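All remarks here apply to the structure that follows.
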Amino acid sequence: MSTLRIATWNINSLRLRLKLLPGLIEQLRPDVICLQETKVPDELFPMAEVQALGFAHVLHWGMKGYNGVAILSRLPLRRLDAPDWCAKGDCRHISAEIEGGVSIHNFYVPAGGDVADRTVNEKFGHKLDFIAQARAHFAANRPTRSVLVGDLNIAPLEHDVWSHKQLLDVVSHTPVETEGLLAWQAEGWHDALRQFVPLHEKLYTWWSYRNRDWRASNRGRRLDHVWTTPDLTALSHEILVDARDWEQTSDHVPVCVEVRG
DNA sequence: ATGGTAGGTCTCCTA
């Protein structure tokens, strides 16, 4: 029985924010870091720089301009097969088994565009199809000894957003999305962060760039998640809110959970 | 009610 500290961060360009990773590592002391929106093609991945931070074992799947996911680990990794969600070849999911037998799924779910209506916004349809396929996948492949993390781009619970009422028709908090996400979660997963933070307490991991003073307005949403299977025990959690004030930072903040594997 | 910012990149797309 050992413990594993797993961090997740939508870094919104790995190359631009490489210099912020030492701060994350110092504060969260992760064994594994899952990144989303790396925005770097595989052939340009900054492998030497990442390994110099103490993470010798790295898996990445990136493309030009958009998306991109990576897993950085102090422990050896074995890459696991992942479906081609919606047959788009998008770099939105990467999966690995960590030495010791815990599996990691790192997801970047489509944001879904601005209009919450799939008949006029195909990006919203893509998002709904993606979460439906993810649900079906885990229903058919029930996870064990696994942790699912990432930017799921949905804030499922009332206090995962600054105003439940005002966001009910805003993409990320519409009923069709939140119900879809909770149905996916119900296929074998527990919401690790909400095991630590009561349902009536506000909990955010993202604040828009479009606020002059994100902390004063505090119009946040919980878009980033850590789920665990019931055969693992989540021991603690940390939301690195201060990272939102780092120089030239992401609009998401890092989240870390320690599990007993 | 509106617009606000950021990153990557053949100038607008995505978030």
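Remember, predicted model here, so these are calculated numbers, not experimental data. Sequence lines set the chain letters: A, B, ... in the order given, protein chains first and strands last, and positions in each chain run from 1.
Between Lys64(A) and the phosphate of dT9(B), there is no side-chain N or O to OP1/OP2 separation shorter than 4.0 Å. Residue Arg212(A) places at least one side-chain N or O closer than 4.0 Å to OP1 or OP2 of dT5(B). Between Arg17(A) and the phosphate of dG7(B), there is a side-chain N or O to OP1/OP2 separation shorter than 4.0 Å.
Comparing the C1' positions of dC10(B) and dG3(B) gives an interatomic distance of 28 Å, to the nearest angstrom. To the nearest whole angstrom, the two P atoms, one in dT2(B) and one in dA6(B), are 23 Å apart. Nucleotides dA1(B) and dG7(B) have their C1' atoms positioned 28 Å apart, rounded to a whole Å. The P atoms of dG4(B) and dT9(B) are separated by 25 Å, rounded to the nearest whole Å.
Remark: Glu247(A) CD is loosely packed, at most 12 non-hydrogen atoms of other residues, nucleotides or ligands lying under 6.0 Å away.
No side-chain donor-acceptor contact under 3.5 Å links Lys202(A) to the backbone of His159(A).
For the pair Arg221(A) and Tyr204(A), the cation-pi test (distance below 6.0 Å, angle within 45°) is failed.
When each of His252(A) and Ser208(A) is assigned the nucleotide of DNA chain B bearing its nearest heavy atom, the one mapping closer to the 5' terminus is Ser208(A). Map Met63(A) and Ala111(A) each onto its nearest nucleotide of DNA chain B; the residue landing nearer the 5' end is Met63(A).
The distance from atom OH of Tyr66(A) to atom P of dC12(B) is 13 Å, rounded to the nearest whole Å. The CH2-C1' distance, from Trp206(A) to dA6(B), rounds to 12 Å in whole Å. Here dA15(B) presents its P atom at 12 Å from CG of Asp251(A), a figure rounded to the nearest Å. Rounded to an integer number of Å, the gap from CD of Gln166(A) to P of dT2(B) is 15 Å. Between the CH2 atom of Trp214(A) and the C1' atom of dA6(B) there is a distance of 17 Å, given to the nearest Å. When rounded to the nearest whole Å, the span between CG of Asn211(A) and P of dT2(B) equals 18 Å. Taking atom CG on Leu16(A) and atom C1' on dT5(B), their separation rounds to 14 Å, with Å as the unit. The separation between Glu247(A) atom CD and dA6(B) atom P is 11 Å, rounded to whole Å.
Ring orientation note: the planes of Trp227(A) and Trp184(A) are nearly perpendicular, at an angle over 60° on the 30°/60° scale. A tilted orientation is assigned to the rings of Trp206(A) and His252(A), their planes being inclined by 30° to 60°.
As judged by a 4.0 angstrom heavy-atom cut-off over every strand, Arg92(A) is placed among residues touching the sugar-phosphate backbone only.
Closest to the side chain of Tyr209(A), out of dT14(B), dT9(B), dA6(B), is dA6(B).
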